[in-house]
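The structure under discussion appears below in the form of structure tokens.
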Amino acid sequence: MTIFVAIAFVACVMPDTPGGIQPTRALRLPIEIPLLALALLLLPRRMAIGVAVLSTTVVFCLLLLKIGDLAVLSAFQRRFNPYLDLKMIFDGWNLLSGSVGTFTAAVSIGGAVASLAALVLAFSWACIRITNLSDQVRKTAVAVFALLLVAGVVLQAANVRAGADAVAQLRVADYLGERLSSVARSVADIRAFESELHEDAGYPAGAPSFDRIKGRDLILVFIESYGRSAIEDPRYSPLIGPRLEGVERQLSEAGFASASGWTRSPTVAGLSWLAHGTLLSGLWTDSQARYDRLMTSDRPSLNRMFRDSGWRTVAVMPAITMDWPEAAYYGYDEILAAKDLGYRGKPFNWVTMPDQYTLSAFESLARSPARDAGVPVMAEIALISSHAPWTPIPRLVDWNSVGDGAIFDGQAESGDPPAVVWADQDRVRRHYIATIDYALETLGSYISHFGRDAVFVVLGDHQPAALITGPDASRSVPIHIVSRDRALVDSFKADGFSIGMTPSPQAPEPSMDRMRDVLISRFGGGQVD
């Protein structure tokens, strides 16, 4: 009986939000517990066994959903959705194993799964035991649980009339019903997305010409976890504000103009591919289910548009270490994944190579051959040095010394491991912003050294986790346009951009899918509707 009550109590009162983790929750009485106990005690044994099986399933669902809520809310600031999130288990394994090692990750996950399984099995056993109690013990148990049920109903009614938080609660059905509704809403959302894909398939008005930048390289760079908070949060602005000013001066001295604004990302704290898919497709792709459907559609990506207009399209993806079937959607002529970039240095924990090496390899492997062939490049580059776990922190070296990346070995072996850094939240934040600073410094140096007549679009993929930003942070990320074509850069002022590398705090925050239309229009010399 004790095991039954304990596990049922944990499942019912366990919080489903990080803010709900409070000692006072232990003072609540879930009315479901006496109701379930009385059903097991009073129903005929065959029916009671059925109730035991059903209640065990409910307890498993409660524990799984609440653990999922706590994890997903902490990471992505939204609730766990089985329909959308179960597909991401493999991606979570890759990140965890890359950060703490395969053995530690396997032990951690194995321990969590074993603990959950043990709780569920123990609860099932306890339920069966209740159906087999002796008559005398059964009578006593019925009296106790009946008294608890009456007390719970009275307390709940009293609190409802007083408008106070209920000490006694009946919430399980509502909670599970809402979660089932969220799955139904997600299914409906995918159906609506299907309609958008069918409406926008192909080139209804012909492929864009991009005459405004004809013959020039377009280099689209996503900086990992580079969000609005990096610029405006008072914990980070003393470092990033001067860095952006310094990059702006460096670019200006090299003959480049710049303009900056904001754009709202479809994701936060991870799932970077949703941001890539949203910007390049022009469709809001804020879930894995939407992304999976987009990847099988005929909706032309921005990459494909450039390829059809005469550019050689290249993807530079240092984080891709396995097969990448989704690449077929984008329409790349060449894919430079981790194994194709020729890095011979040591990894920076999960980060396969520092950003400086990624840009150096792009220059030698993609831009130089295309330039020799007289073909402009449209490149999509992911810079990942600012990806968690943010240790060790890379440092910029002389570009002529980059070579095969072995020069970075000393940096890769420096600093403390993630387990040590992540034991101190303030230290994690310092490491995070230091990697953003490095990414901006490296990119500014690359453009000033190798930019030539290229046009650069630089933006964050998403904000980092709430651990870094705090709760309820904006989902916007900075976006920068850099080119020696000052008239082109100035044209973005009509879209809310400010001249320079620092966006205006008052600038609009258009969604990332909308930003594709802005780029197509400006690069074609037209106006945005």
Side-chain angles (χ1 to χ4, degrees), residues 1-16 20-72 80 82 85-86 89 105-153 155-156 167-180 183:
M1 192 74 70
T2 303
I3 293 175
F4 166 81
V5 172
I7 297 177
F9 182 81
V10 168
C12 290
V13 306
M14 179 180 177
D16 53 7
I21 302 176
Q22 300 172 355
T24 54
R25 294 187 71 89
L27 302 177
R28 296 179 182 178
L29 170 61
I31 299 176
E32 291 88 353
I33 294 178
L35 276 174
L36 175 58
L38 289 171
L40 293 172
L41 290 164
L42 298 175
L43 288 174
R45 191 169 188 281
R46 180 174 294 181
M47 294 180 64
I49 293 296
V51 171
V53 172
L54 178 61
S55 61
T56 299
T57 303
V58 169
V59 164
F60 171 75
C61 291
L62 279 175
L63 292 172
L64 180 65
L65 289 170
K66 289 185 176 183
I67 291 170
D69 278 343
L70 290 171
V72 175
F80 172 64
D85 295 334
L86 288 178
I89 292 176
V107 169
S108 300
I109 293 176
V113 171
S115 298
L116 179 59
L119 281 174
V120 172
L121 289 173
F123 182 78
S124 177
W125 173 82
C127 287
I128 300 299
R129 288 272 297 173
I130 290 176
T131 65
N132 292 322
L133 293 176
S134 64
D135 289 344
Q136 184 60 43
V137 175
R138 183 185 300 272
K139 290 178 182 178
T140 303
V142 167
V144 170
F145 283 114
L147 182 62
L148 283 174
L149 178 60
V150 171
V153 171
L155 285 171
Q156 185 187 40
V167 175
Q169 296 181 334
L170 193 65
R171 292 189 62 243
V172 171
D174 288 343
Y175 176 77
L176 292 178
E178 171 54 31
R179 308 323 304 281
L180 186 61
V183 171

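Quick caveat, the model's predicted, so the values are computed rather than measured.
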Determine whether F60 and L116 satisfy the following criterion, side chain to side chain contact (heavy atoms under 4.5 Å, CB included), listing intermediate values before the conclusion. CA-CA 8 Å; F60 171 75; L116 179 59; 3.9 Å; yes

**Item:** Student check: side-chain heavy atoms of I7 and V59 closer than 4.5 Å
**Value:** yes

CE of M14 to CG of L62, rounded to nearest 0.5 Å, is 9.5 Å

**Q.** Under 3.5 Å: donor-acceptor pair, side chain of E32, backbone of V172
**A.** yes

Review item, side-chain donor-acceptor pairs of residues 117-129, under 3.5 Å, at least two apart:
none

Inset, instruction - Might you confirm whether atom CD of Q136 has over 12 heavy atoms from other residues, nucleotides or ligands at distances under 6.0 Å? - result: no

Checklist line | Residues F145, L36; criterion side chain to side chain contact (heavy atoms under 4.5 Å, CB included); working and verdict | finding: CA-CA 9 Å; F145 283 114; L36 175 58; over 6 Å; no

Check: residues 39-53 side-chain donor-acceptor pairs under 3.5 Å, at least two apart:
{"from": "R45", "atom 1": "NE", "to": "N132", "atom 2": "OD1", "distance (Å)": "2.9"}
{"from": "R45", "atom 1": "NH2", "to": "N132", "atom 2": "OD1", "distance (Å)": "3.0"}

For L35, the side-chain contact (heavy atoms from CB on, under 4.5 Å) test, sequence neighbours excluded, returns I31, L149, L170

Rounded to the nearest 0.5 angstrom, the SG-CG distance for C61 and L176 is 6.5 Å

Here the pair of heavy atoms bringing P30 nearest to V13 is CG-CG1, 3.5 Å

